Amino acid sequence: MLKLPLLAAMLCCSIAADTPPTSTVVPAYRQADHVEILTIEGPIDSMTVQSIQRRLTEAMDAGADAIVLRINTPGGELMSTLELCRILKADAPPNTTAWIDPHAFSAGTIIALACRNIVIAPAGMFGDSAPVSPLGPIPQTERAKLESPILTEVIDSARRHQRDERLVQGFVSLGIELWLLQQRETGKRICVDASEYEAIFGTPPPEIIPSITPELGESTGEAQPLSPFFEKMMGGMSDANSDLGSMLQRPSSRPRLGPDDAEDWVLIKQVVSNDRLLALTPGEGADYGLIDGTVKTEADLQAFLGAKTINTRHRNWSEQFTAFLISWPVRLVLIVLFLVCTIIEFAAPGTGLFAIGAAVSLLILLGAPWLAGLAQWWDIVLVLLGLVLVAIELAVVPGTI
């Protein structure tokens with residue numbers, strides 16, 4: 001009598017052993033065989049662009065059908081950022097993923113939005129992408145001019161990858177207030193501004209997030225010292241009474257909701273107030289539909305993409321060294337060294353060691369930007385011609401040229 005239950009148990013174990021383990025189903029659009037990870041560490045600059053272009057070419061030559069940018073950056077140069085976005089959209093395979101590990105602020109967020117998929121490390125953060133100036137606060141109209149290409153870029157990325165257009169503008173511009181609504185039946189979520197909220201529900205939206213600065217339009221005096229400079233640079237178009245939010249916000253391609261939609265939508269929360277820039281954690285990014293998952297390790301990434309092989313490509317040593325040489329602290333030191341050596345050599349000529357020091361400093365000052373693509377051949381020729389003239393003046397015909 002005990003043989004039958006024992007036989008049944010053995011049969012069940014056999015069936016369980018023959019059943020393949022369940023695995024996560026990867027959508028076809030992000031399924032990849034060979035994945036190449038390109039790392040981005042530190043500030044975004046021209047060397048970052050050159051390095052990514054080189055590594056992208058090598059990755060595609062190696063047969064990569066998916067590219068992952070592993071991003072950890074505080075931000076960087078505007079033109080370099082826009083060029084990286086262009087490369088991702090024009091030259092990279094369609095299957096691109098941004099892996100924010102752990103932070104992608106400013107330029108890093110703009111680059112991440114240009115990718116088809118966005119994943120983030122646990123406890124990571126991204127956002128806060130408004131342009132800044134080393135000269136101090138930027139007047140409103142001039143800021144609108146500087147932000148315009150950034151807004152155009154992030155909105156284009158949002159439309160390409162079906163993300164909320166209004167939401168991504170909150171990364172870039174102050175003055176954009178947004179509220180999160182959810183459709184009762186489908187669970188779909190969208191962001192609306194104050195005017196659309198009032199058009200739907202007939203009442204002004206609730207101010208859930210407390211203000212941290214004076215209302216826009218109130219003069220704080222912070223930008224006043226730089227206003228003449230920016231007015232001259234931008235053609236005298238500054239307007240202290242302009243409304244920054246209305247200048248910067250772009251219309252959405254999504255059909256605008258109205259009173260007939262009030263029964264279908266419910267308020268979830270306020271996303272961002274008009275005096276803050278949007279910065280998101282992994283949970284918030286998932287709530288707003290901006291991230292596709294949380295990835296801690298390369299094994300997690302491989303599972304996310306369903307990849308068979310995965311490889312990482314870093315900056316090579318020469319790119320790292322050139323990036324170090326073109327950094328502003330190093331360039332300032334080289335300029336000071338060149339001037340000091342030149343003055344000493346003129347004041348007390350002798351061994352020529354100070355002349356050699358000045359020449360080496362100048363060579364690095366010119367050569368590093370040339371390697372990084374920041375200088376043209378004629379820049380080098382003009383400086384070398386100047387050095388030849390100085391040498392003739394000192395050694396051949398002093399006091400004449």
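Keep in mind it's a predicted model, so treat the numbers as computed, not measured. One is the number of the first residue; the rest follow in order along the sequence.
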>> Quick one, Glu165 with Arg159, criterion salt bridge (Lys or Arg N to Asp or Glu O under 4.0 Å). Give me CA distance, side-chain angles, the key distance, then yes/no.
In response: CA-CA 7 Å; Glu165 299 172 32; Arg159 291 177 178 175; 3.1 Å; yes
Could you check if a side-chain atom of [X] sits within less than 4.5 angstrom of a side-chain atom of [Y], using non-hydrogen atoms only?
| X | Y | value |
| --- | --- | --- |
| Ile110 | Ile150 | yes |
| Ser327 | Asp45 | no |
| Leu178 | Leu278 | no |
| Arg313 | Asn311 | yes |
| Ile40 | Asn72 | no |
| Phe126 | Leu280 | yes |
| Leu82 | Pro149 | yes |
| Trp265 | Ile190 | yes |

Please determine if [X] and [Y] form a salt bridge, counting it only when a charged side-chain N lies under 4.0 Å from a carboxylate O.
| X | Y | answer |
| --- | --- | --- |
| Glu177 | Arg166 | no |
| Arg189 | Asp164 | no |
| Asp91 | Arg86 | yes |
| Arg55 | Glu58 | no |

Where do [X] and [Y] come nearest, in terms of heavy atoms and distance?
| X | Y | answer |
| --- | --- | --- |
| Ala107 | Gly76 | CB-N, 3.7 Å |
| Pro93 | Ala64 | CG-O, 4.2 Å |
| Pro43 | Pro74 | N-CD, 4.1 Å |
| Leu301 | Val295 | N-CG1, 3.7 Å |
| Ala62 | His34 | O-CD2, 3.8 Å |
| Ser106 | Ala130 | OG-O, 4.3 Å |

Donor-acceptor check, side chain of [X] to backbone of [Y], threshold 3.5 angstrom: yes or no?
| X | Y | result |
| --- | --- | --- |
| Arg184 | Glu263 | yes |
| Asp261 | Asp264 | no |
| Glu196 | Leu257 | yes |
| Glu345 | Thr342 | no |
| Ser80 | Val49 | no |
| Ser51 | Met47 | no |
| Thr73 | Gly42 | yes |
| Thr109 | Gly127 | yes |
| Asp128 | Leu277 | no |
| Arg163 | Val154 | no |

Separation of [Y] [atom2] from [X] [atom1] (nearest 0.5 Å):
| X | Y | atom1 | atom2 | value |
| --- | --- | --- | --- | --- |
| Ile44 | Ile52 | CD1 | CD1 | 8.0 Å |
| Ile120 | Met125 | CD1 | CE | 8.0 Å |
| Leu267 | Ile200 | CG | CD1 | 10.0 Å |
| Leu113 | Leu290 | CG | CG | 7.0 Å |
| Ile155 | Arg160 | CD1 | CZ | 13.5 Å |
| Ser318 | Leu325 | OG | CG | 11.0 Å |

> Do the rings of Tyr197 and Phe201 sit parallel, tilted or perpendicular, given the 30° and 60° boundaries?
Replying inline: tilted
> Taking the inter-plane angle between the rings of Phe324 and Phe321 on a 0 to 90° scale, is it parallel (under 30°), tilted (30 to 60°) or perpendicular (over 60°)?
Replying inline: parallel
Side chains of [X] and [Y] only: does a donor on one sit below 3.5 Å from an acceptor on the other?
| X | Y | value |
| --- | --- | --- |
| Thr81 | Glu77 | no |
| Glu147 | Ser173 | yes |
| Gln320 | Arg315 | no |
| Thr203 | Glu198 | no |
| Gln183 | Thr186 | yes |
| Thr96 | Lys89 | no |

> Stepwise, does the side-chain contact (heavy atoms from CB on, under 4.5 Å) test hold for Trp179 with Val271?
Replying inline: CA-CA 5 Å; Trp179 286 261; Val271 177; 5.8 Å; no
>> Applying side-chain contact (heavy atoms from CB on, under 4.5 Å) to Ile310 and Ile37, what does each step give before you reach the verdict?
In response: CA-CA 7 Å; Ile310 191 166; Ile37 301 174; 3.7 Å; yes
> Could you go step by step and tell me if Glu319 and Arg54 meet the salt bridge (Lys or Arg N to Asp or Glu O under 4.0 Å) rule?
Replying inline: CA-CA 11 Å; Glu319 291 167 343; Arg54 175 189 63 80; 2.6 Å; yes
> Are there more than 12 heavy atoms of other residues, nucleotides or ligands under 6.0 Å from atom CZ of Phe304?
Replying inline: yes
> Do Asp101 and Ile71 pass the side-chain contact (heavy atoms from CB on, under 4.5 Å) test, and can you show the C-alpha distance, the side-chain angles, and the key distance before you say yes or no?
Replying inline: CA-CA 6 Å; Asp101 184 25; Ile71 304 173; over 6 Å; no
>> Could you walk me through whether Val119 and Thr97 satisfy the side-chain contact (heavy atoms from CB on, under 4.5 Å) test, starting with their C-alpha distance in whole Å, then the side-chain angles of each, then the deciding distance to 0.1 Å, before giving a yes or no?
In response: CA-CA 7 Å; Val119 296; Thr97 298; 4.0 Å; yes
